[in-house]
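One is the number of the first residue; the rest follow in order along the sequence. Both backbone and side-chain heavy atoms feed into the values below; hydrogens, waters and symmetry mates do not. This is a predicted model, so every value here is computed, not measured.
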Amino acid sequence: MTQTDIEVKYGEREISEGKLITFPNPRVGRRYNISITLPEFTCKCPFSGYPDFATIYVNYVPDEKVVELKAIKLYINSYRDRYISHEESANQILDDIVAACDPLEINVKADFTPRGNVHTVVEVSHTK
């Protein structure tokens with residue numbers, strides 16, 4: 001095995017940091033909706049260890065801050081090796097985005113790919 005084989009790749013390093021970076025809302029005072037679709041969400045079932053796949057939909061009305069898109073992509077990818085339930089993942093994503101940018105309103109929908117003949121959709125919301 002070479003040093004390159006055990007070295008942490010730059011993408012893995014960025015994903016492991018998984019910070020939600022924000023920037024100032026360019027139109028504070030104007031109500032508008034930001035819709036983000038993240039179709040490659042993965043995590044692991046905390047009971048079986050099997051992988052779970054979902055599309056995450058984030059819709060929010062910003063207040064003073066907006067979440068940077070590359071940052072949310074890396075943040076979502078940080079769930080890849082996390083053992084977490086469908087319900088907890090949707091709630092944690094909501095909590096983390098609220099903590100980062102304190103939107104006026106936000107809805108997070110986690111639409112999980114069916115596994116074992118079960119299809120789960122978890123929706124959580126927050127209003128300031």
Look only at the side chain of Y60 and the backbone of V67, and say whether a donor-acceptor pair between them is shorter than 3.5 Å. yes
Please lay out, stage by stage, how Y57 and V121 fare under the test side-chain contact (heavy atoms from CB on, under 4.5 Å). CA-CA 11 Å; Y57 300 92; V121 177; over 6 Å; no
Test item: side-chain donor near acceptor, T55 and D111, under 3.5 Å: no
Can any side-chain N or O of S89 pair as donor or acceptor with the backbone N or O of H86 at less than 3.5 Å? yes
Would D96 and Y75 count as a side-chain hydrogen bond (donor to acceptor under 3.5 Å, both in side chains) here? Give the steps. CA-CA 10 Å; D96 290 346; Y75 164 78; 2.6 Å; yes
Just wondering, are more than 12 heavy atoms of other shown residues or ligands nearer than 6.0 Å to NZ in K128? yes
Side-chain donor-acceptor pair present, D52, Y79, cut-off under 3.5 Å: no
Using 0.5 Å steps for rounding, measure from the SG atom of C43 to the CD atom of E88. 11.0 Å
Salt bridge or not between E40 and K73? Use side-chain N to carboxylate O under 4.0 Å. no
Within 6.0 angstrom of Y32 OH, more than 12 heavy atoms from elsewhere: yes
Test item: N91 side-chain N/O and E87 main-chain N/O as donor-acceptor pair under 3.5 Å: yes
Main-chain N/O of D63 paired with N25 side-chain donor or acceptor, under 3.5 Å: yes
Test side chain to side chain contact (heavy atoms under 4.5 Å, CB included) applied to I72 and I93, N77, L20, the passing residue: L20
Candidate pair E105 and R31, rule side-chain contact (heavy atoms from CB on, under 4.5 Å), full reasoning: CA-CA 10 Å; E105 299 173 18; R31 286 185 69 86; 2.4 Å; yes
